[in-house]
Every structure is written in C-alpha cells, then in structure tokens.
Amino acid sequence: MATTASPPLQLATASRPHASASGGGGVGGVLLAGGCGGGVVPGRGRGRMQRRVSARSVASDRDVQGPVSPAEEHFSPLKAYHATAKSVLDALLINWNATYDYYNKMNVKQAYYLSMEFLQGRALTNAIGNLEITGEYAEALKQLGQNLEDVASQEPDAALGNGGLGRLASCFLDSLATLNYPAWGYGLRYKYGLFKQIITKDGQEEIAENWLEMGYPWEVVRNDVSYPVKFYGKVVEGTDGRKHWIGGENIKAVAHDVPIPGYKTRTTNNLRLWSTTVPAQDFDLAAFNSGDHTKAYEAHLNAEKICHILYPGDESLEGKVLRLKQQYTLCSASLQDIIGRFESRAGESLNWEDFPSKVAVQMNDTHPTLCIPELMRILIDVKGLSWSEAWSITERTVAYTNHTVLPEALEKWSLDIMQKLLPRHVEIIETIDEELINDIVSKYGTTDTGLLKKKLKEMRILDNVDLPASISQLFVKPKDKKESPAKSKQKLLVKSLETIAEDEEKTELEEEEAEVLSEIEEEKLEPEEVEAEEEGSEDELDPFVKSDPKLPRVVRMANLCVVGGHSVNGVAEIHSEIVKQDVFNSFYEMWPTKFQNKTNGVTPRRWIRFCNPELSALISKWIGSDDWVLNTDKLAELKKFADNEDLHSEWRAAKRANKMKVVSLIREKTGYIVSPDAMFDVQVKRIHEYKRQLLNILGIVYRYKKMKEMSAEERAKSFVPRVCIFGGKAFATYIQAKRIVKFITDVAATVNHDSDVGDLLKVVFVPDYNVSVAEALIPASELSQHISTAGMEASGTSNMKFAMNGCILIGTLDGANVEIREEVGEENFFLFGAEAHEIAGLRKERAEGKFVPDPRFEEVKEFVRSGVFGTYNYDELMGSLEGNEGYGRADYFLVGKDFPSYIECQEKVDKAYRDQKLWTRMSILNTAGSSKFSSDRTIHEYAKDIWDISPVILP
C-alpha cells in the first residue's frame, strides 16, 4: 500500500532516476518517500533552479566513464540524448519537489485530469524550451560535437495515446503548469502503445511500439507508491452493516511520475502513470521448479497485460474484459491516491464534506466513468459514509467532458461482464439507476405514460434491464380476452335496464330479464362465478418494462457520467449544441445548468514556439516581443501588417524553410522525392470514415484523371502543383479504414511514378504518424483538410494547430471549424459541403431512393474500378458509397453528396494559390486570428467554471 500523499519524487541523484526506494516514510538511499510532509533530499535547495549548463554537466550524466572529449568515439547521439535528458531532469527536480511541497503546505484545491490517453510527444525540446535553456544546451552539446536537433531526434515519442483525445490532454497539462494551476494528470503506462504503423504493398500493418526499449529517462518509477486493485470476487455484508468486496483477483498498480514543467514559471506539475503487476509472492515457485513455467508466471502475466496495449481489440470476450480492467485500474488507483492525499493534507481536521472543496476530478471522455461508482464504493464501504453523503460528495467532485456524438464511441458495457468483474460496482450502479428512475418519474409525472416511457428509454443507465416493480405498475395495459356468452348477456341486461324508458311496459322488461336469466342458468354460471371471472382477469404489463432476452443488457457509461457529475461540457460551440439538443437532450431538459461549452485549444509553446522557430521569431519581430507565447491575443497585432510586402517576403521564406525539412522527411520515410515549389496539401488525423480521407483521395483521383486527359501545356495551365500528404492510423480491427489506407498508398504508387504528371501531383502517406511527425508537417503545410461530415466531429485540435502556423483550411462547418472560420475571417477559409442541420434529411432522402449522384462522382468511381491503381479489388470500398440502405452501404458519411461541392472548392484553392500575394495575406490572417484557440484560454475557463481552482504562485 502506498504511503499517502506521496510527492511526485524526491531524488538524491537525478542521473539514476530508475532506482527504487528502500522503503516508505524516509530517506531510502535514493528516494525520500515524504509521507504527508514531503520534504527535500539533503543537499537540495528549494530556490529557483540555477544549474549552470555546460558540456561537462551534460557529459557527467553519461552512461560511459572517463574524461570528456568532443571527439569521443562512443559518445553517440543516442547516448548524448540520454545524458542530456538526465541532466535536464536533474534541473527539473528542484521545481518539481518545490511545487508539490507548496501545494501540500497550502492545502489548495487541486484538479485531477483522468484520461486513457496522453499524447505527450518528445519531452526534451519542450522541457528545455519551457525552462528557457535551449540555447545553453545547444552550446553545451556543440562542444561535445553534437547537434541539439540531432540529439533531440533520438527520443522516441511516448506511446501513450493515439489522436486528439490524448493530444488535448497533454496540451491541457502544459497550460495548467504554465498558468500555475494546481493539477495532476493520471493515466496508464502502455508498454507497447497502440501500435507502430508500417506501410507495405498490402497497406497498413501493425507491430508493437518499442518506445521503452532503451528506457524512458523522463519518468521516475515510484515503487513506494502502489495501490491494490481488485477484480471478480463477491460482495458480502459484514457484522458492521457495511458491504465488503472479498476474494477474486488482486493486482497492484505502481506509480511512474513524469514532470510537466510550465513555461517561464517554477511550477512543475505531475503526470502519474500506472503500471500493473502482482507481488513477488504471487510467483508460483513450486510450479516453476516442477517445469510448469507458464503456470508459475500466470498471475504476473494477467496483471501486466492490463498495461500492455492502448485500446486492445475488443471483438473477443477476453478483449472486452481487458479493456474494462484497464478503465477500472485507472479509476481505482487514481482515486485511492487522490483520497490518500486529501486525508494526509487534512490531518486531524479531516471532514469528508470538504472533499469537493479540495478535489476536482475531470473525466476525459467516458473511459474513466467508473470513477463514479468507485468513489461511492470507497466512501461508503471503506470510509463509512452514508449513501446520501457519498452521493452528494461524488456529484460535486466529478465532471465529464464529452468528445463525440458517434454512437459507437458512447461506451456501453455488458452488464453481465461487469457483474462478474466488478460486482460491488454493479450494485452501486443499479442503485444510481433506480434513483434516476424515481427522479424521471418525479419530473415528468405519470399522466402521460407515453412521454414517461420515452424518457426512461433515453435516460436510464441500465439498458434492457427490468424496471423496478413499483415503476412497472405504471405501464399496465388492459388484457384483451374473449368474453363468455353469459358475460355478454349479463352486460346486455345491464345495458337494457339503463336504456329502456320508464314508460315502457313492465311486462316487456320482465320478459327480457327472464330470458337472460334463463340463459345464465343454462350456462350453469352462478352470478358469483361471473364476478370471480372478472376479478381473476389480469392486466398485461407493457413489454418495455422487462428485459428482452434476445438483446444484451448494457451499462450506458455516458448516461452514468451525466447523472453522476456536476458538469457536462462539449468541446466546440456546435458540438455543445448537438450535445444539448440531440445526444443528451432529455438530461438537458432535466438539468440545464449542468451543460456548458469549453472549446478546445492547443498550447502555443509546443505548436508554434518550439516546433516552428522560424515563424516564432518572425511573429516576435513584427509584434515587438514574445509576449504572445503567454498571451495569444497579441497575435492579432499581425493584422495591421497583413499587406506589408516585407512581412510577406519573410513569411514565405519561413514557410519554405519548413517545407524543405518536410522534403527531407518524406524522402527518409517513404523514398518519394517531392518539390518544395508545390503546394503542400495535408490531411493528418486518425483514419475514420467520418473524417473522410476517402473524399480527399477521390478528389485527388479526379484531379489525376483530368490531368491525364490533357496535354502537358493544358495541365500546367489548369492545375497548381500539389504534394498531397496523408498521415494517421486505422485501428487494427477497422477493416474499412484499412481499405482507405491501402487505396491511398495504391494511388500514390501510380501517380508518383507517372512521368506525364511529374511534379504537378504527388501523393504521400507518411507512415506511423505521431506528434513528432506533426511538429514537422504542420509548420510546412499550406492547405489543410478538415472535411468531416458536418455534425460528426466534436471539435478537432489539429485544425487549430494548422491555423496558428499560417495554414489555410478547407473544410465543412463542423467542430471547431465553425469558430476558426469566424475568427480568421470567412474569406480566409475554404468552405464546402452540407451543414449539420441538413444531414438527417439527406440520409432520409437517400433511404427513399431520391439521391441522384453527380456525374463526376460516378466518373471517378468507374475510374477506380478500371484497375488503373492496381489489381486490388475496391468493390467493397466503392460499394459503401452506393445503394440506398444496408450495413456498409448507402454512403452514410455523404461523400457522394459533398463531392461536387468539394472539387469546386478545390478549384477556388488553386485560383487563390496562384496569387501568392493574396495567399500570403490569407496565411498571415490565419495566424493573427488564431488567438482564441490557445489551451490557456480553455484551461482558464475549466478552472473558473468547472473546477473552481485558482493559480498558486510558488514563493
């Protein structure tokens, strides 16, 4: 069990960051495991980092021994990198410890950001940039015969994420530290990442990431900080009246700490990543010695595989269980750590009512949803609080960021799997669901059962699960049954007695009555039996109150997030409106104040200052300072120079310098040689049908076909030279996405070897797209494609990075595109395509067979099927764009609908690019208009509106 309130680290020798502690609670040789007070290692000062960077200070952290020599043969760039990283970590330690100690001393409210992904990118250039010691390290390495850029390139990207979700989380950590907000990140330490992408003649292939093979010098393994995590078992009630979760499979989560330095500040926050293992005693020594080595290691393997892969395939039962184990491990270990810190800081004045005023937990998407029942479990079962006390605390502590409107991404977990794996949590979720049902009934009443039924279907956490008996009785339908002749005659008698006028003759009434009574007698049905039959008839329950055995019973995690948290935010204005009006409309009706918007942002440090030094220097020169790095509103000052010819000339020179770097990158990664004189047209993002890389490549195919139909002179006159660059990973089990990758690479293989076309058109798929590749591509890009089906992209963040770097966007009115277009100016954004409010109607029109495809769209599909791009059969891919209904058919993402608008918009792009004065002006205005999209602005909004935390400046 961990020492509570353990600091991020306390190291005596930073050059040996992987050494373990000898024990908790004191100085253990290398590590001081701080306890509630923390403390610093003897000999370490608390003051501002003053370390002098020199060749000797770098070389002293080498793995090799002996005197420093610039020409030393064995001091390779890789060794230089590790030595430099250890030297920088040593510089970070003082501020890292001081930050923790001060937070501890002040007992401030702290935010905790839980995310399954943190796509950090390389740490070296970011750390020395934030510490403002880049020049010193460059000079020190130069004295050792090394180049800083070459040394930095030795660092592999930390494989802790895949796309925008993880990159956003990392931008947020940078802004939190830079703005001096007390906050930590929590995630998992994936040994093999998602996968390393390799492009072959067969398309995408996947192999395991190897980012940890040479060690990760930026982490400190905290063997003194570990927590138990349980799976399976059973729930029993103890003599104390509390529920106890016993038995099952037990593992431990071990902390690995990574420093997050702020820019121009001493604040250095912490990213705590969990690895999973079991104690040494769980190694079955007897089995090993008897030769059953697999059995001996079974417990370790079951534990360690939890953190092997990001998003393991979940087609199998084993895959589903593993993913759920990952999510619970993140939630349980992190909450135990957070609660321990709260208790230590509170000391003898511990009051659980204070918890929400000291702790804010942000769930980045639905992956950390189990925070809600886990916090409830700890508070009730371990800390002894009542249900109402625990629920009040949980609801005020937890908040949820929604990142998608895609149904498949709004997670639904099998109730049966969760019941076996997390039995106590299912009990808690069932109670939350029952209380929610009562709230829904209170809100909407029982008069309109149709409306109530609709709301219960939409809002329940448990789907396809029986309603409680008390609620089921609200949905009773009269049972249809055939009446006996006697019963019918009896009704006829009653009717006759009511309708015969008083002035009718009594004899007629008596005769009719006698006839009916006689028939009753013949039926031998006593009046009491008639009454009994009436009482014995049962009314029917509406089938919806019972589960359908043919359908799975599931836990709707997004619904649980909304119910269990005090805030729900979207990540762009249009997305937040969709969340309120569509995805969670019924919840919005019930709790309108829970919902808000927090438009995403990106850190201007990594995404301009460090990755684009040419542009960064230019901005600072023309604005007059580098204040824009911390206050991006100052970028707007560039607008007054938008027509300045000197700025235009310098702006184009900076862009070309970046393009030359990408020319080298493309040659290194793909072997293709491209011209820096061509327009660099870039689409880099996760491969998904809704992101419509297929629309882009079909547009390129159309462009290529038209070129082939022209003479050389006509081609040169009609088309601007382009290098069309793609990058991104398709999930290993997403077959259609992998077909798209294969298609792009086949088109590239054909086009790039066509001498008729030459440099007029090149197509490049950059393999294994990651943060470091993005840091090269984005500064060099001139046109960037953000062309998702309107209403399907929550926000996007790469669009913001491109705009910041003076790249002009072509896109739909989707996600943050809407706000980017507003900020940079409509005339500086290439817009096409259907709008979000039209999509449902267009799909309905398609289903009714009313859609008429554009002839150009039919032409390009036929061209693909002609075999011009090789022998691969693209019928499945092209077939997804055809038909009116059916799975994988009917062009759900409206590629065909938007194709004419798209290629016409691309003609406008060509026309604008020919006028380089106009294009450069548009580029400048994109950078000048991007100030809103700094993650600093976003974090200030989270801190004020959701977390209620304030900056804490170290003394």
Side-chain angles (χ1 to χ4, degrees), residues 8-9 11-19 30 44 49-97 120-159 170 174 177 210-221 256-264 266 268 271 605-606 609-611 613 770-772 775-776:
L9 73 165
L11 292 175
T13 307
S15 61
R16 295 292 178 268
H18 297 286
V30 182
R44 288 276 179 184
M49 189 272 296
Q50 296 286 349
R51 176 172 179 162
R52 182 171 175 265
V53 180
S54 66
R56 186 162 293 278
S57 71
V58 173
S60 66
D61 284 315
R62 295 176 305 163
D63 294 326
V64 295
Q65 304 297 320
V68 178
S69 169
E72 186 172 5
E73 182 180 355
H74 295 101
F75 196 43
S76 65
L78 180 61
K79 288 184 177 181
Y81 160 68
H82 279 276
T84 305
K86 290 173 183 178
S87 173
V88 175
L89 182 64
D90 190 42
L92 288 172
L93 285 175
I94 297 172
N95 290 343
W96 203 2
N97 286 331
Q120 291 287 94
R122 291 171 176 158
L124 176 58
T125 50
N126 193 71
I128 61 177
N130 277 353
L131 290 170
E132 299 183 277
I133 50 177
T134 301
E136 290 90 332
Y137 269 95
E139 180 59 31
L141 286 165
K142 184 178 178 181
Q143 292 178 34
L144 291 168
Q146 300 288 339
N147 175 275
L148 175 58
E149 190 172 335
D150 293 339
V151 168
S153 70
Q154 300 300 309
E155 179 180 357
D157 279 33
S170 295
D174 178 87
N210 61 351
W211 71 287
L212 290 172
E213 278 190 358
M214 300 297 293
Y216 187 55
W218 302 102
E219 71 177 356
V220 177
V221 184
H256 299 245
D257 289 339
V258 180
I260 307 295
Y263 176 72
K264 289 190 176 183
R266 293 182 61 210
T268 304
L271 170 60
R605 269 76 61 186
R606 181 178 289 271
R609 179 69 161 185
F610 305 145
C611 79
N770 57 21
V771 175
S772 295
E775 289 173 345

Shortest non-hydrogen contact from [X] to [Y]?
X	Y	result
Asp157	Val771	OD2-N, 3.2 Å
Trp218	Pro259	O-CD, 3.1 Å
Ala127	Val88	CB-CG1, 3.9 Å
Gly121	Glu155	O-OE2, 4.4 Å

Please round to the nearest 0.5 Å and tell me the distance separating atom [atom1] of [X] and atom [atom2] of [Y].
X	Y	atom1	atom2	answer
Leu92	Ile260	CG	CD1	10.0 Å
Leu141	Thr84	CG	OG1	4.0 Å
Glu775	Phe610	CD	CZ	10.5 Å
Ile133	Tyr137	CD1	OH	5.0 Å
Thr268	Asn130	OG1	CG	9.0 Å

If you define the side chain from C-beta out and look only at heavy atoms, does anything of [X] sit under 4.5 Å from [Y]?
X	Y	answer
Leu148	Ile128	yes
Leu271	Gln120	yes
Pro261	Asn95	no
Arg609	Tyr263	yes
Leu78	His82	yes
Leu93	Trp96	yes
Trp211	Asn770	no

Which residues pass the side chain to side chain contact (heavy atoms under 4.5 Å, CB included) test with [X], sequence neighbours left out?
X	result
Thr125	Ala152
Pro613	none
Asn147	Glu149, Asp150

**Report entry** Lys/Arg-Asp/Glu bridge criterion (N-O < 4.0 Å) met for Arg605, Asp174
**Finding:**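 Salt bridge flag = yes for Asp174 with Arg605.
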